[in-house]
J.: 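Sharing a structure with you now.
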Amino acid sequence: AYIACDDVPYNRLVNRLGTMRVVDVREHHLQDALGEVRGMSYSTVDKYMHAIKRVFYRAKKNKIIADDPSEDLEMPTYTEGTHRALESWEIKLILENWDNPVARSGLWVLIMMLCGLRRGEMMALEWNAVDLDRRILRVQQVAVVHKNKTVIEQRAKTDAGLRILPMPRILCDALSKVPVQDRVGFVCLSARGNPLSDSSSKRGIEQFCRIMERLINGEPIDQRGRRTDREDTKKDQQLEAADRIPFSFTAHDLRHTYATALYDAH
């Protein structure tokens with residue numbers, strides 16, 4: 001879920017420049033400011049650089065300054081992020097097995113992977129935002145975590161996050177399988193039919209990955225007399241030592257997968 005911190009890069013810039021007038025800011029001031037995030041994640045560095053450029057682009061556009069000191073800024077070194085796009089075999093495994101009755105969070109995964117929703121947006125998606133006839137869904141609210149409590153807010157992470165998205169046929173078909181009388185309230189629910197919390201959504205995705213891993217390694221996923229999401233430690237260790245195929249992703253990896261698919265489609 002989203003934790004409110006959109007203003008971080010702007011606050012960092014204000015703290016750095018202090019009371020300097022916009023017209024007095026030079027390129028070296030901004031390059032030095034960027035140096036403060038050197039070595040941080042790509043996302044942090046990229047957001048800070050874009051925030052700086054946005055401020056001075058608007059200043060020039062509004063004729064506050066004649067020249068933009070941010071035009072030739074060089075991005076400092078950064079640490080490669082851990083997010084990734086899923087490989088084709090992983091996508092195929094999900095598409096073919098998302099509706100396994102043991103993998104209760106398969107629909108959540110489909111929504112995030114095929115429409116690029118953030119985890120908080122998936123948690124907050126309601127049926128009134130889904131149009132199966134037109135095959136679109138509207139992202140208009142987000143689950144926000146405040147002091148370990150999940151609250152649904154009528155907004156997205158950013159203004160650009162308020163959007164209407166087309167649904168691929170496979171997702172539309174998946175949602176159509178939900179009985180009409182159950183298409184009220186939140187689309188994605190816990191095993192007990194309750195709205196998702198931050199912890200339950202994380203556990204559901206982890207459980208889905210464990211089930212897919214057992215499936216790809218030819219192991220039974222629904223065993224009598226034991227929890228289906230609990231690994232047989234001894235057997236798993238033996239497989240891992242040999243040629244066990246791991247399967248794991250994060251919610252944000254699914255969003256990266258969606259973005260990569262859009263890029264490749266152009």
J.: Examine Val180 and Val187 and state if one hydrophobic cluster contains both, with Ile, Leu, Val, Met, Phe, Trp and Tyr joined whenever side-chain heavy atoms are less than 4.5 Å apart.
T.: no
J.: Does Leu117 belong to the same Ile/Leu/Val/Met/Phe/Trp/Tyr cluster as Val151, with side-chain heavy atoms less than 4.5 Å apart forming each link?
T.: no
J.: Can you tell if the side chain of Val25 reaches within under 4.5 Å of the side chain of Phe56, non-hydrogen atoms only?
T.: yes
J.: Considering residues at least two apart in sequence or located in another chain, which fulfil the side-chain contact (heavy atoms from CB on, under 4.5 Å) criterion with Asp24?
T.: Met20, Arg21
J.: Going by salt bridge (charged side-chain N to carboxylate O under 4.0 Å, His left out), name the pairs with one or both residues in residues 27-46, residues two or more places apart or in two chains.
T.: Arg16-Glu36
J.: Any Lys/Arg nitrogen of Asp68 or Lys53 sitting under 4.0 Å from an Asp/Glu carboxylate oxygen of the other?
T.: no
J.: Are there over 12 heavy-atom neighbours, none belonging to Asp67, within less than 6.0 Å of that residue's CG?
T.: no
J.: Would you call Lys177 and Asp173 a salt bridge, using N to O less than 4.0 angstrom?
T.: no
J.: Does this structure show an ion pair linking Glu126 with Arg138, if we count only N-O contacts that are shorter than 4.0 Å?
T.: no
J.: How close do Glu153 and Gln141 get, heavy atom to heavy atom, and via which atoms?
T.: O-CB, 3.0 Å
J.: Indicate yes or no for a side-chain donor-acceptor contact from Gln31 to the backbone of Glu74 under 3.5 Å, with no hydrogens or angles considered.
T.: yes
J.: Measure the spacing between CG of Asn11 and CG of Asn15 and express it to the nearest 0.5 Å.
T.: 6.5 Å
J.: State whether the side chain of Arg214 and the backbone N or O of Pro220 hold a donor-acceptor pair below 3.5 Å, judged by distance alone.
T.: yes
J.: Sub-3.5 Å donor-acceptor pair from the side chain of Asn194 to the main-chain atoms of Ser190, do we have one?
T.: no
J.: With the 4.5 Å side-chain cut-off for hydrophobic clustering, are Leu165 and Phe186 part of the same group?
T.: no
J.: Counting N and O atoms only, with roles assigned by atom type, does the side chain of Asp131 sit under 3.5 Å from a partner on the main chain of Ile136, one being a donor and the other an acceptor?
T.: no
J.: Is there a path of hydrophobic side-chain contacts, each under 4.5 Å between heavy atoms of I/L/V/M/F/W/Y residues, joining Val178 to Met167?
T.: yes
J.: Take Ser197 and Ser200 through the test side chain to side chain donor-acceptor pair (under 3.5 Å) and record every step on the way to the result.
T.: CA-CA 5 Å; Ser197 66; Ser200 65; 3.0 Å; yes
J.: Is the shortest side-chain N to carboxylate O distance from Lys92 to Glu87 below 4.0 Å?
T.: no
J.: Using only atom types and a distance under 3.5 Å, with no angle test, would you say the side chain of Thr150 pairs donor to acceptor with the backbone of Asp198?
T.: yes
J.: Can you give me the closest heavy-atom contact between Arg84 and Leu86, atom names plus distance?
T.: NH1-CA, 3.7 Å
J.: Verify the neighbour count for atom NE2 of His29: are there more than 12 heavy atoms of other residues, nucleotides or ligands below 6.0 Å?
T.: yes
J.: Any chance you could measure Ser105, atom OG, to Ile111, atom CD1, to the nearest 0.5 Å?
T.: 11.0 Å
J.: Please list, chain by chain and in numerical order, all residues satisfying side-chain contact (heavy atoms from CB on, under 4.5 Å) with Pro166, sequence neighbours excluded.
T.: none
J.: What's the spacing between Glu90 CD and Phe249 CZ if we round to 0.5 Å?
T.: 8.5 Å
J.: Quick one: does any side-chain atom of Arg192 pair with a main-chain N or O of Leu189 as donor and acceptor, under 3.5 Å?
T.: no
J.: Does a side-chain N-to-carboxylate-O contact under 4.0 Å join Arg163 and Glu121?
T.: yes
J.: To check you understand the geometry: which heavy-atom pair defines the closest contact between Tyr78 and Val45, and what is its length?
T.: CB-CG2, 3.8 Å
J.: Tyr258, Trp89: one ILVMFWY side-chain cluster at the under-4.5 Å cut-off?
T.: yes
